[in-house]
Amino acid sequence: MAGVNAMEKKLAEYKCDTNEAICLKLVRFPEDVDDDSTTFHPEYSHQLFGDDEVAFGYKGLQMKIFYTAGNLSTLFKVKYSSKVTDTFDCVEPDDVGGKIREIIPAGFTSSTDDFISLLEKEAKFKPFGTLLHSYTIHNEEAGELTYQIHKADITCPGFQEYHERLQTFLMWFIETASFIDTDDDRWDYFLVFEKYNKDGETLYATVGYMTVYNYYVYPDKTRPRVSQMLILPPFQGEGHGSQLLEAIHRFYCSLPKVQDITAEDPSENYVKLRDYVLSKLCQNLPSFAADKLPLGFSADMIKEAQEKLKINKKHARRVYEILRLRATDMSDEDQVKAYRLEVKKRLFGPYRKNQRELAKMKKCLRPEELVSHMGQMDTQTQQEELEKSYQHAVEDYRRIIERLASHA
């Protein structure tokens, strides 16, 4: 038994956290290749390496996936200090290279020298598609940096191959990511690039992207639905997500056939981003003026948000609550109470549904079955949950209001 435990302990030394072992990099200059400060790591690797996100069979494992900053030409190398077969004859290591090759498209190099030579071709790389929007962001070290948002489609020469390289990042940063069917022409692609100078030339670096699917709405409308959105880690926290989302809203607002804009299974972070962008857009609409907000959520708000900004009723309601909170005098008890009741009225909807279901159950359930269901719908618990939901919503709304104020 002691021998078995000693063997297990030895073998455990050959387990590696794949989120740490995978090293990602966006390379602009040859010196970036060996600069550890430019390396970043996945948030997720379970789709390739299982729920434990562990690779077995190596010590000091490094899986290097480096991309040129613009065209995303790829270097893939596996390094390790020792392999389990060096010590144990009968134990096989995981095929980590094979797993990575499942998602990175053919055409990558495993030679660092060849990869560095590809950097010379980056000057020829130009953004795909049509320029929708340009903006600048101040950087403490580099000063004013210029960014561009482009709309592309799969027919753009070279874009399909570029997209195959770009979408590999989804696996590392979106928990439930999957690749899309690019043969379907109802997909729209929105790309963010940074303009930068190298040896007197203007080059472009990939910052992030969004995919949007155009659903049909009877009889003659479409409903664009955001499917995937990713700002690459070196650029996160700089405001690119809100610039991108605002740009796509403005683009689709210019199309008469668009009904409204939605998102597929949005994350909590995406919802907060959307709340900010839609509040920023709606705050200038006459129906959302400060003197109209205390009068309640109105048909005019629903109509104007939908017609001018392609915002549906549910999202317009959240915007109304955010902007009304901003307009509420928190030192006035009557205003605060009125606001609280207005928000709780919406939040109470699911509980009211439960009460209707309970009324139906009373007619058809046996007493012992009814007791178990009534326990799940205890009134005091409902009130506590309602208050918790209200406080959570207000907390989120305050952060959005602070952000609106900081970008005013």
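Remark: the Y58 side chain and the D94 side chain contain no N/O donor-acceptor pair separated by less than 3.5 Å. Residues S279 and R318 have side chains that never bring a donor and an acceptor to within less than 3.5 angstrom of each other. For the residue pair E342/Y320, the side-chain donor-acceptor check at 3.5 Å is satisfied. A donor and an acceptor atom, one from each side chain of N71 and S73, are located under 3.5 Å apart. Between the side chains of T168 and Y67, at least one donor-acceptor pair of N or O atoms lies under 3.5 Å. Between the side chains of E53 and N19, at least one donor-acceptor pair of N or O atoms lies under 3.5 Å. At a cut-off of 3.5 Å, with distance as the only test, a side-chain donor of H133 or Q243 sits close to an acceptor on the other residue. Counting only N and O atoms by type, the side chains of S81 and K59 include no donor and acceptor under 3.5 Å apart. No side-chain donor-acceptor contact under 3.5 Å links S298 and D300. Between K77 and S110, the side chains place no donor N or O within less than 3.5 Å of an acceptor N or O (distance only, hydrogens not considered).
Figure legend: cation-pi geometry between K15 and F56 absent, as NZ or CZ is not positioned both under 6.0 Å from the six-membered ring centre and within 45° of its axis.
Shown here for V91 and V84, the closest heavy-atom pair between the two residues is O-CG1, 3.8 Å.
Between R28 and E122 there is no salt bridge, since no side-chain N of the basic residue sits under 4.0 Å from a carboxylate O of the acidic one. One finds a salt bridge joining D396 and R399 here, because a Lys/Arg side-chain nitrogen approaches an Asp/Glu carboxylate oxygen to under 4.0 Å.
Of the possible donor and acceptor atoms, one in the side chain of N214 sits under 3.5 Å from a partner among the backbone N and O of R186.
Evaluation of the side-chain hydrogen bond (donor to acceptor under 3.5 Å, both in side chains) rule for D52 yields no partner, not counting sequence neighbours.
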